[in-house]
Amino acid sequence: MTMENKQQKQHDLDLRYLRMATIWAENSYCERRKVGALIVKDKMIISDGYNGTPAGFENICENEDGFTKPYVLHAEANAITKIARSNNNSAGATMYVTTSPCIECAKLIIQAGIKRVVYCKKYRLTDGIDLLTRAGIEVVYIEMTESENNR
């Protein structure tokens, strides 16, 4: 297989997992932004997450002014904490997340040993992406067209 074929195959796989993360984001009760995350290792999904309130809290992410409540968990944090409760290990894995990680999630990604992050929507702040890059984590932005998102 040529290098070009390998790159195309990886791109196609990345698109599939991003579409799955986009579908997973639909589980979120958040109104302002629904985010989904998958952690994939050896072509297996080993964890998933979406943004929302901690277990046992009401499924309302925004306060009466429309701002996100401070205790809402990000999709990345939910996926990583699920790994901690399982027999899985995220060392060397890829995280697929619908929105670029914030700095707090970037720190968790680094500590979890995730080596690659693929995302399809840019957040207004880039400090999370900057930190991941500084840590030597491969960061891939894929702009998904409407047709790619609905395949």
Side-chain angles (χ1 to χ4, degrees), residues 6-55 57-63 65-84 88 90-151:
K6 279 185 180 178
Q7 288 174 333
Q8 184 60 49
K9 190 173 179 178
Q10 182 63 59
H11 179 77
D12 292 345
L13 202 56
D14 288 344
L15 273 175
R16 276 187 215 109
Y17 284 124
L18 278 175
R19 282 197 308 272
M20 291 170 76
T22 300
I23 291 166
W24 201 244
E26 293 173 14
N27 288 315
S28 174
Y29 288 91
C30 296
E31 300 293 329
R32 290 181 68 207
R33 176 180 287 114
K34 295 178 183 296
V35 181
L38 298 176
I39 300 176
V40 176
K41 187 173 180 179
D42 301 325
K43 294 185 181 176
M44 290 188 313
I45 297 170
I46 60 170
S47 191
D48 55 58
Y50 52 87
N51 57 328
T53 56
F57 283 66
E58 74 288 346
N59 288 321
I60 301 170
C61 298
E62 291 83 12
N63 64 22
D65 296 323
F67 293 106
T68 302
K69 293 178 180 177
Y71 54 84
V72 167
L73 290 160
H74 289 188
E76 303 94 322
N78 268 325
I80 290 169
T81 55
K82 275 187 182 179
I83 290 275
N88 285 320
S90 55
T94 297
M95 176 175 278
Y96 293 89
V97 62
T98 55
T99 301
S100 58
C102 69
I103 190 127
E104 293 302 319
C105 288
K107 291 188 276 187
L108 293 174
I109 291 166
I110 293 164
Q111 289 303 97
I114 293 168
K115 293 297 175 201
R116 189 166 179 264
V117 174
V118 182
Y119 68 99
C120 57
K121 293 178 191 151
K122 294 179 180 178
Y123 185 61
R124 62 182 169 80
L125 302 175
T126 62
D127 51 357
I129 296 297
D130 298 341
L131 186 64
L132 292 172
T133 303
R134 182 175 169 199
I137 293 172
E138 181 185 355
V139 177
V140 179
Y141 168 67
I142 297 178
E143 187 172 2
M144 289 176 58
T145 64
E146 199 61 40
S147 64
E148 286 171 328
N149 204 11
N150 293 322
R151 275 190 207 169

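Sequential numbering from 1 along the given sequence is applied to the chain's residues.
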Can a donor-acceptor pair be found, under 3.5 Å and without considering hydrogens, that links the side chain of [X] to the backbone of [Y]?
X     : Y      : value
Asp65 : Phe67  : no
Ser90 : Ile114 : no
Lys41 : Ala91  : yes
Lys34 : Ser28  : yes
Thr99 : Tyr123 : no

Quick one: does [X]'s side chain get under 4.5 Å of [Y]'s, heavy atoms only?
X      : Y      : value
Leu13  : Lys43  : yes
Asn88  : Lys82  : no
Ile45  : Met20  : yes
Ile129 : Tyr119 : yes
Pro54  : Leu73  : yes

Within 6.0 Å of [atom1] in [X], more than 12 heavy atoms from elsewhere:
X     : atom1 : answer
Tyr29 : OH    : no
Glu62 : CD    : yes
Tyr71 : OH    : yes

First locate atom [atom1] of [X], then atom [atom2] of [Y], and finally report the distance between them rounded to the nearest 0.5 Å.
X      : Y      : atom1 : atom2 : value
Leu18  : Lys121 : CG    : NZ    : 10.0 Å
Ile60  : Thr53  : CD1   : OG1   : 8.5 Å
Glu138 : Leu132 : CD    : CG    : 11.5 Å
Leu38  : Met44  : CG    : CE    : 13.5 Å
Gln111 : Lys107 : CD    : NZ    : 10.0 Å
Trp24  : Asp48  : CH2   : CG    : 4.5 Å

Test side chain to side chain donor-acceptor pair (under 3.5 Å) applied to Asp12 and Lys9, Gln10, Gln8, the passing residue: Gln8
Within the 3.5 Å criterion, strictly below it, is a donor on Asn78 or Tyr50 matched to an acceptor on the partner's side chain?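 Looking only at side-chain atoms, Tyr50 and Asn78 do not form any donor-acceptor pair under 3.5 Å.
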Minimal non-hydrogen separation, [X] against [Y], with atom names:
X      : Y      : result
Ala79  : Met95  : CB-CE, 4.4 Å
Cys105 : Ala77  : SG-N, 4.3 Å
Ala106 : Gly128 : CB-O, 3.4 Å

Between Thr98 and Arg33, is a side chain to side chain contact (heavy atoms under 4.5 Å, CB included) present by the stated rule, with each step listed? CA-CA 10 Å; Thr98 55; Arg33 176 180 287 114; over 6 Å; no
Please step through side chain to side chain contact (heavy atoms under 4.5 Å, CB included) for the pair Leu108 and His74, ending with a clear verdict. CA-CA 11 Å; Leu108 293 174; His74 289 188; over 6 Å; no
Step by step, work out the side chain to side chain contact (heavy atoms under 4.5 Å, CB included) result for Arg116 and Tyr96. CA-CA 9 Å; Arg116 189 166 179 264; Tyr96 293 89; 3.6 Å; yes
Can you check side chain to side chain contact (heavy atoms under 4.5 Å, CB included) on Cys61 and Lys69, steps first, answer last? CA-CA 6 Å; Cys61 298; Lys69 293 178 180 177; over 6 Å; no
Check each of Ile109, Asp127, Val35, Ile137 against Pro101 using the side chain to side chain contact (heavy atoms under 4.5 Å, CB included) test, and report the only one that passes. Ile109
